[in-house]
Amino acid sequence: MALRSAVAAPRGLVRRLFSTTSTSPFIPPPIHAAAQAPARPQADPSANLFVSGLSKRTTTEKLHEAFSQFGEVEHARVVTDRVSGFSKGFGFVKYTTLEDAAKGIEGMDGKFLDGWVIFAEYARPRPPLGQPGNSMTPPYGRR
DNA sequence: GGTGAGCGG
């Protein structure tokens, strides 16, 4: 008997488990829209990986070391605040090839890093940050 | 950071 399954499960898995617990009197009509894809839990396969669940102490080089075990990491970065310099608890890992990125996800997703369970998935495609003439042209609206 | 879901520079 396991004591506690305190290990955080992947969000995609949790989302499905909670979908069956509809005890609300107002049950939404079963829309036959399985092919509509209202939300995208995971982006399309790419060499860029989004890693979340990192410890505040986890640094860029630690992230690079951890993901280098499953593929050739081109570059890794832990996102830190611009002014405070502290880690935000997530980062990005860029593999040289797409197959290495896939191995990196399967090898590091749900694993421990610096005492925390981390989540590795494909990063979302982003618009080019090189907007000519104006630096205040953020893409408002998130997909 | 003592914040714990997230998509950077």
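These numbers come from a predicted model, not from an experiment. Quick note: numbers below take in every heavy atom, side chains included, and nothing from hydrogens, waters or symmetry partners. In what follows, chains carry the letters A, B, and so on, assigned in the order in which the sequence lines appear, proteins first and then strands, with residues in each chain numbered from 1.
Of the residues in residues 60-78 of chain A, those with a non-hydrogen atom less than 4.0 angstrom from any atom of DNA chain B are Arg77(A).
Here the OG1-CG distance, from Thr59(A) to Leu54(A), works out to 10.5 Å after rounding to the nearest 0.5 Å. In this structure, CZ in Phe92(A) is found 12.0 Å from OG1 in Thr60(A), a value given to the nearest 0.5 Å. The OG atom of Ser52(A) sits 14.0 Å away from atom NZ of Lys88(A), with the distance rounded to the nearest 0.5 Å. Leu98(A) contributes atom CG, which lies 5.5 Å from atom OH of Tyr122(A) (distance to the nearest 0.5 angstrom).
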Donor-acceptor pairs under 3.5 Å, side chain of residues 110-118 of chain A to any protein atom, not counting sequence neighbours: which ones?
unit_1	atom_1	unit_2	atom_2	d
Lys111(A)	NZ	Gly107(A)	O	3.2
Asp114(A)	OD1	Lys62(A)	NZ	3.3

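Rounded to an integer number of Å, the gap from Lys94(A) NZ to dG8(B) C1' is 13 Å. Protein atom CG of Asp114(A) is 18 Å distant from nucleotide atom P of dG4(B), rounded to whole Å. One can place CZ of Phe90(A) at 6 Å from P of dG8(B), the figure rounded to the nearest angstrom. Distance CD1 (Ile118(A)) to C1' (dC7(B)): 15 Å, rounded to an integer number of Å. Taking atom CZ on Arg124(A) and atom P on dG6(B), their separation rounds to 9 Å, with Å as the unit. Counting to the nearest Å, the C1' atom of dG6(B) and the CG atom of Leu54(A) are 11 Å from each other.
Nearest to the side-chain atoms of Val79(A) among the listed nucleotides dG6(B), dG8(B), dA5(B) stands dG8(B). The Arg126(A) side chain lies nearest to dG9(B) when the options are dA5(B), dC7(B), dG9(B).
The hydrophobic clustering, which links ILVMFWY residues whose side-chain heavy atoms are closer than 4.5 Å, places Phe119(A) and Ile105(A) apart.
Looking at every heavy atom in both residues, Ala101(A) comes nearest to Ser46(A) through CB-O, 3.5 Å.
Where Asp81(A) and Lys88(A) each meet DNA chain B at their nearest nucleotide, the meeting point lying more 5' is that of Lys88(A). Comparing Trp116(A) and Phe92(A) against DNA chain B, the residue whose closest nucleotide sits nearer the 5' end is Trp116(A).
At the heavy-atom level, Leu49(A) lies nowhere under 4.0 Å from the strands shown. Counting any heavy atom pair closer than 4.0 Å across all strands shown, Gly91(A) reaches no nucleic acid atom.
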